[in-house]
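Throughout, protein chains are lettered first and strands after them, A, B, ... in sequence-line order, and every chain is numbered starting at 1.
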Amino acid sequence: MARFLLVRAFGAVGVLLALVTVVFLLQTAVPGDPVRASVGVNASDEVVEAERERLGLDEPLPVQYATYLGQVVRGGFGESLRTGRDVRDDIGAFLPATLELAGFSMLLAVVGGLLIGVLAVVSSRFATPARLLFVGGASVPSFLLALIFIYIFYFKLSWLPLSGRTSVADAPEAPTGLLLLDSLLHARPDVFLDALRHLILPGLALALVPAVAIGRVLRSSLIEVYRSDYIRTLHAKGLPPRSVLFRHALRNALSAPLTMAGLQLGLLLGGVVIVEAIFAWPGIGLYLNQSIAFSDLRAIAGVTLVVGAGYVIVNTLVDLAQAAADPRIRL
Amino acid sequence: MPVRGVVSPGSAGASMNATQRYGARMRGVGVLERVGIVVLLLLLAISLAAPLFVTDPVISVGPAFQPPSLQHLLGTDDVGQDIFARVMYGMRTSWLSAVAVIASAIVVGGLIGLVAGARGGWVDSLLMRLTDTFLALPGPVLAIAVAAALGASLRNTVIGIAVVWWPWYARLVRGEIRSLAARPHVDAARLSGVSRGRLMFRHLLPGAIPPVIVTASLDIQILVLTLAGLSFIGLGAPAPSPELGAMAARGADSLFTSPWIPLAPGCAVFILAVAANLAGDGIRDLFDRG
């Protein structure tokens, strides 16, 4: 186990290093001259050269790379061209909203996926709806789902709010930045409910695709497990189907869906950019969206690094959790 | 996937002629999947032929915000462009871009997989380490970053997605090549003194083609969705070009007054993706059972 842990940790560090390298190369591969663009098209050549020197962009690429690496390791992403603030501070301000949304929809996706997968196997009535869901659910673009939700639940029925995280003016913003948690810490049930109502639509819009993917994988691995001898033995000795499922079959079928959940997190993080834009959710997806419109490369690079690192770390943890739960999983 | 009536592969083939074998294969494909293949082909044909029967997608054809009618099947948008025409053109762009991504991913990934699988040794380790590293990164986010850094255009979006797509094909081709390399016909070819290049392209590569086709057909659905998503956040061709994601994004402002403007292109993406999903399953069944 110790060796497995060490090797996986080293692997994760290698991947993170590759991520920084790709992001660095992206910033150098930009078409045109970003320095001239930032000081203004009419600036004299001397001014451009001076700015280039100030930014260290006149150094050879390996030196620039080393500088950038050092900067990133210390947690600095440079100054945003659009907001004029340090990208790190910007991300820090926007990140909690995204963590709350992504965490909420990942929870919905896992719970929903388990439900769909189990129902598709144990209930014959649910087999056809499940099949339709597997085909249709995986094919809905998240923006279409979001727009339909808004049209029905906000515009037609007025059940749920349209946008933002809360409509309470004095909602607590500290200490975690996660509204659900902060409102509980400040004993504000009104804010908690309001925040939850704001989470539902964007959360569902993000959760459908990963839920379907998880359900699909769980279904096939459950079917596989149900074919094995020990399950037949359990049935034969008269164990009720419910205990066969929950105590024996489900546990052994969970490995593949868990891996799928980790992979789906990457898709979900891509979807965050779209859904946050539609629901005006003040997270790093919205920040990235605005940075793209402004061609703010440092901000784009910063968000990519933070999101990418989060994804790599979560997936490494998933691997470790699986290795801890199942001694057969080794390198 | 549900297990369907399986035609016994291989054994029966010996006593069948080509048409019978083809028929036996087709029976292994479910009804829904067949419908998917037909609908997908139909959509491709219609959208390719779009210029012949719809109006120019970037000119105003009448008043803005008209609801769907016989004259304008899906209504008109905020500047009076015919939405049906734009959706048709948008579908064409959508699947042509998907094919472009798949083609470049197959060329790059296939070549890397082929070299890694055929050479083995440290070349294999190095190339697969690189591939795994890319697979471990969050694809959509990286694609957004690449496309955004290169500047918003359809070509750059295709490049951005292709950058995160090739590793899957590299893994797939490498695995196939490794298992093929252990087969007797490859040993025979090697012993008869075939050059390394001929061995790779003539004796190893053809065996890797069927799984690549299956994966590619399953990928079309994901790519149609990914492209629409990136186009929605402004990574795609600039404004007046008919792109499904961008149309939905711009039309979102009129959701409450003229819902067909954002919903029509969104539904087009959905229909295209469902057809591609079913067709992909069908093609997989066709190859797996054959």
* Asked: Taking non-hydrogen atoms and a cut-off under 4.5 angstrom, which of residues 282-294 of chain A neighbour chain B?
  -> Leu288(A), Asn289(A), Ile292(A)
* Asked: Are there residues of residues 259-267 of chain B that reach to under 4.5 Å of chain A by heavy atoms, and which ones?
  -> Pro259(B), Pro262(B), Leu263(B), Gly266(B), Cys267(B)
* Asked: Looking at Asn315(A), Ile150(A), Leu147(A), which makes the most heavy-atom pairs under 4.5 Å with chain B?
  -> Leu147(A)
* To do: Locate the shortest heavy-atom distance separating Arg216(A) from Asp281(B); write the atom from each residue and the value.
  => NH2-OD2, 3.8 Å
* To do: Mind ranking Ala12(A), Ser295(A), Gly136(A), Ala277(A) by heavy-atom pairs under 4.5 Å with chain B and telling me who comes out on top?
  => Gly136(A)
* How far does CD1 of Ile222(B) sit from OG of Ser139(A), to the nearest 0.5 angstrom? -> 10.0 Å
* Measure distances from Ala138(A) to the heavy atoms of chain B and classify the residue's part below 4.5 Å as side chain, backbone, both or neither. => both
* Structure fact -> So, the part of Thr304(A) with a heavy atom under 4.5 Å from chain B: the answer is both
* **Results of salt bridge (Lys or Arg N to Asp or Glu O under 4.0 Å) for Arg250(B) - residues two or more places apart only** => Asp77(B), Asp78(B)
* Nearest heavy-atom pair of Ile274(A) and Gly229(B): which atoms, and what distance? -> CD1-CA, 3.5 Å
* May I ask you to test the Ile278(A)-Phe232(B) pair for a side-chain heavy-atom distance under 4.5 Å? => yes
* Atom of Pro141(A), atom of Val269(B) and distance for their closest heavy-atom approach -> CG-CG1, 3.7 Å
* Asked: Can you name the one residue among Leu235(B), Ile233(B), Leu230(B) that meets side-chain contact (heavy atoms from CB on, under 4.5 Å) with Val273(A)?
  -> Ile233(B)
* Between CZ on residue Phe270(B) and CD1 on residue Ile148(A), distance to nearest 0.5 Å -> 8.5 Å
* Tell me, side chain or backbone of Val209(A) under 4.5 Å from chain B's heavy atoms, or both, or neither? -> neither
* To do: Sort Leu305(A) into side chain, backbone, both or neither according to what part of it lies under 4.5 angstrom from a heavy atom of chain B.
  => neither
* Asked: chain B heavy atoms under 4.5 Å from Ile300(A): which part of the residue, side chain, backbone, both or neither?
  -> side chain
Check: residues 126-148 of chain B side-chain donor-acceptor pairs under 3.5 Å, at least two apart:
| from | atom 1 | to | atom 2 | distance (Å) |
| --- | --- | --- | --- | --- |
| Thr131(B) | OG1 | Leu127(B) | O | 2.8 |
| Asp132(B) | OD1 | Arg171(B) | NE | 2.8 |
| Asp132(B) | OD1 | Arg171(B) | NH2 | 3.1 |
| Asp132(B) | OD2 | Arg171(B) | NH2 | 3.1 |
| Thr133(B) | OG1 | Arg129(B) | O | 2.7 |

